[in-house]
Amino acid sequence: MSENQKIYVVGHKNPDTDSICSAISYAELKRRIDGDAYIAKRAGNVNEETQFVLDYFGVEAPAFLAEVAEAEKVILVDHNETSQAVDGLEKAEIMEVIDHHKIGNIETPVPIYFRNQPVGCTATIVYQMYKENAQEVTKEIAGLLCSAIISDTLMFRSPTCTPVDKETAMKLSEIAGISDIEAYAMEMFKAGSNLADKTPEEIFFQDFKKFEVNGVTFGVGQISSMATEELFEIADRLKPYMTTAREEQGVDMIFFMLTSILDESTNLIFTGEKAGELVEKAYQVSCQEGDYYKLEGVVSRKKQLIPSFMGVLQ
Ligand code: MN
Ligand code: MN
């Protein structure tokens, strides 16, 4: 291995604010403690919410990494599942994983630093690592990490949110000079659900993940909003696209979660032969107006929807 070989720090495809901000912040930490080989990358387009955050703190988006080449080195943040990772990962050398999701299917030929904590956001873990390494968290880094926590925990409303996430976000908001965190969160989510000039396809893939359980493949997209009426408009735009999305993704079922942050509920639209049956078994609910399910209290794909679906499919 050459001395100056780059090491890419990269989050999942269809990156969210956590995947972008944790990659930037962790690459910065690694550069400070371990030299300048570390470069943050992104595995997809920056969404509107994340762009708002980057602009707010005057930080540039990482460069796009379309594919990793043979023997390139990567650190994965905010995922540990090959189906969500940058293309070419099987040829790459995975150096580390920093994540807060269920353990997926990443395999390595040698031991690596694998850090997974059941907290609400990768950014919470990255903050801990700054502290463990006695590194100063700058105003910009604090702003990025704080925003990632607000985003992943839906401003502390998600059941994935732990007291540590909340405490960390409050500390970071002070460093970042965010005087009113609720108001800042509102602005951030509003930027994220500004979809007027977007195609259904762009909305659909803004936050989309694929899963496989016992040979059944399915994809789940999600959008969260503070404005419930807006979610119905988005649903109307997405419904005609669902079948195309399923065919293009080559999966058995597709679901899209339209999550109301204030109501703490999700309207779930779906396509695929057994999709409705799966939802009904998982939640004992019946279909509304023939084409969606209302899931009260469900806001988290990771902690609520996926485990319920897996329970049925296993
Ligand atoms: Mn994420
Ligand atoms: Mn995350």
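Both counts, for ligands and for their atoms, begin at 1 and track the order of listing.
Leu313 belongs to a hydrophobic cluster whose remaining members, ordered by chain and number, are Phe211, Val213, Val216, Phe218, Val220, Met253, Phe255, Met257, Leu268, Phe270, Leu278, Val279, Tyr283, Val285, Tyr293, Leu295, Val298, Leu305, Ile306, Phe309, Met310, Val312; membership requires side-chain heavy atoms of ILVMFWY residues under 4.5 Å apart, directly or through intermediates.
Inside a sphere of radius 2.8 Å centred on the Mn ion (ligand 2), the protein N/O/S atoms present are Asp18 OD2, Asp78 OD1, His100 NE2, Asp152 OD2.
Heavy atoms from other residues, nucleotides or ligands lying under 6.0 Å from NZ of Lys198 number more than 12. In this structure, Asp87 places its CG atom where more than 12 heavy-atom neighbours from other residues, nucleotides or ligands lie under 6.0 Å away. No more than 12 heavy atoms of other residues, nucleotides or ligands lie within 6.0 Å of NZ in Lys274, so this atom counts as exposed by the packing criterion. Taking a 6.0 Å sphere around CG of Asn116, one finds it holds more than 12 heavy atoms contributed by other residues, nucleotides or ligands.
Side-chain atoms of Arg42 never come within 3.5 Å of backbone atoms of Ala23 as a donor-acceptor pair (strictly under, hydrogens ignored).
Distances from the Mn ion (ligand 1) to each N, O or S atom of His12 single out NE2 as the nearest.
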